[in-house]
Amino acid sequence: KAGVTQTPRYLIKTRGQQVTLSCSPISGHRSVSWYQQTPGQGLQFLFEYFSETQRNKGNFPGRFSGRQFSNSRSEMNVSTLELGDSALYLCASSHQGVEQYFGPGTRLTVL
Amino acid sequence: GENVEQHPSTLSVQEGDSAVIKCTYSDSASNYFPWYKQELGKRPQLIIDIRSNVGEKKDQRIAVTLNKTAKHFSLHITETQPEDSAVYFCAAPWVFGAGTILRVKS
């Protein structure tokens, strides 16, 4: 099976802009979770989508949102970017929400 | 909400020695505890996991133990090898520990 893919792999934006990241899960997986990874804060959970519904949510401001499509592909959107949003954004897919397999990540730099 | 603490933050061992990383969690309702290995510049990889109805699980040189009463779980790596050098994360299950940098010296 093909692994989890994320696009784009690298992104440079300026403060105030918005960004959309995409994640394609492993075929057959219905759960997609998103994480933010930074050197200072480690791996932090953003949200999980299962069958197009947000099932769990981390402690991030409303500027961070997501959605999942009927083919299980997921997108994450960050509006009004701040310098502190610079991070590696990882998505992970799983069949039922456990045994997560991570994608390569999208490296977002906010200038 | 759930809180996961992981110790130690760094661990250096000699090749062939054992390494133990410990995590504690706060939410007694948590029932799934995975461990991930992340090599430099790579994605986290699930290496082993345990569910709350099991006390111990082994996979070759790697084992995980769970103590639900004390709310802690541990990763044990035996006969460490240089390729075991990486950052290891515990989780419960979406809240991650801060990570442990494991260095295996040859």
Side-chain angles (χ1 to χ4, degrees), chain A residues 1-10 21 23-26 29 31-50 54-61 64 66 74 76 87-108, chain B residues 1-11 21-27 29-54 57-59 62 64 66 68 73 75 86-102:
Chain A
K1 280 186 182 177
V4 180
T5 58
Q6 291 185 245
T7 57
R9 294 292 311 278
Y10 302 90
L21 312 182
C23 173
S24 292
I26 292 170
H29 284 188
S31 167
V32 174
S33 297
W34 287 89
Y35 297 86
Q36 181 194 67
Q37 187 171 31
T38 59
Q41 297 296 320
L43 264 164
Q44 291 191 286
F45 172 67
L46 283 150
F47 29 66
E48 182 212 7
Y49 284 86
F50 184 86
Q54 189 180 87
R55 190 162 68 169
N56 289 288
K57 189 176 187 304
N59 192 26
F60 275 79
F64 292 82
S74 178
M76 190 192 91
L88 180 67
Y89 289 89
L90 292 158
C91 77
S93 82
S94 68
H95 182 54
Q96 292 286 344
V98 295
E99 294 186 28
Q100 297 188 43
Y101 297 89
F102 282 85
T106 293
R107 173 76 61 186
L108 173 64
Chain B
E2 177 68 275
N3 183 48
V4 176
E5 293 190 2
Q6 182 172 345
H7 299 279
S9 56
T10 61
L11 180 59
I21 304 170
K22 297 180 180 179
C23 287
T24 59
Y25 61 97
S26 60
D27 188 353
S30 292
N31 57 12
Y32 174 71
F33 307 94
W35 285 90
Y36 295 88
K37 174 184 180 183
Q38 187 174 28
E39 296 174 81
L40 191 62
K42 296 190 176 180
R43 70 191 77 181
Q45 263 192 303
L46 177 68
I47 56 171
I48 196 166
D49 56 14
I50 191 167
R51 285 168 169 78
S52 59
N53 58 347
V54 175
K57 183 177 178 181
K58 287 183 181 179
D59 183 3
I62 293 173
V64 56
L66 171 65
K68 283 223 71 176
F73 56 111
L75 177 71
V87 181
Y88 290 82
F89 294 96
C90 63
W94 297 283
V95 178
F96 279 66
T100 296
I101 300 172
L102 173 64

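Predicted, not measured: the structure shown is a model, and the values here were computed from it. Each chain gets a letter, A, B and so on, in the order its sequence line appears, and its residues count up from 1. What you see below is based on every heavy atom in this structure, not just the backbone, and it leaves out hydrogens, waters and symmetry mates.
- In this structure, A:Phe45 and B:Trp94 approach most closely via the heavy-atom pair CB-O, 3.3 Å.
- With a 4.5 Å cut-off on non-hydrogen atoms, B:Pro34 does not touch chain A at all.
- Shortest non-hydrogen contact noted between A:Gln100 and B:Pro93 is NE2-O, 4.4 Å.
- Under a cut-off of 6.0 angstrom, the local environment of NZ in B:Lys68 is crowded, with over 12 non-hydrogen atoms contributed by other residues, nucleotides or ligands.
- Of the listed residues B:Gln45, B:Arg51, B:Arg43, the one with more heavy-atom pairs under 4.5 angstrom with chain A than any other is B:Arg43.
- Within 6.0 Å of NZ on A:Lys57 lie more than 12 heavy atoms contributed by other residues, nucleotides or ligands.
- Between the B:Tyr32 side chain and the A:Glu99 main chain, a donor and an acceptor come within less than 3.5 Å of each other.
- Separating the CD atom in A:Gln37 from the CZ atom in B:Phe96 is a distance of 9.0 Å, to the nearest 0.5 Å.
- With respect to chain B, the highest number of heavy-atom pairs below 4.5 Å among A:Ala92, A:Gly103, A:Ser33 belongs to A:Gly103.
- Using a 4.5 Å cut-off between heavy atoms, A:Asn59 makes no contact with chain B at all.
- When heavy atoms are compared at a cutoff of 4.5 Å, A:Glu48 approaches chain B solely by way of its side chain, counted from C-beta outward.
- A:Leu43 touches chain B through backbone and side chain together, each having a heavy atom under 4.5 Å away.
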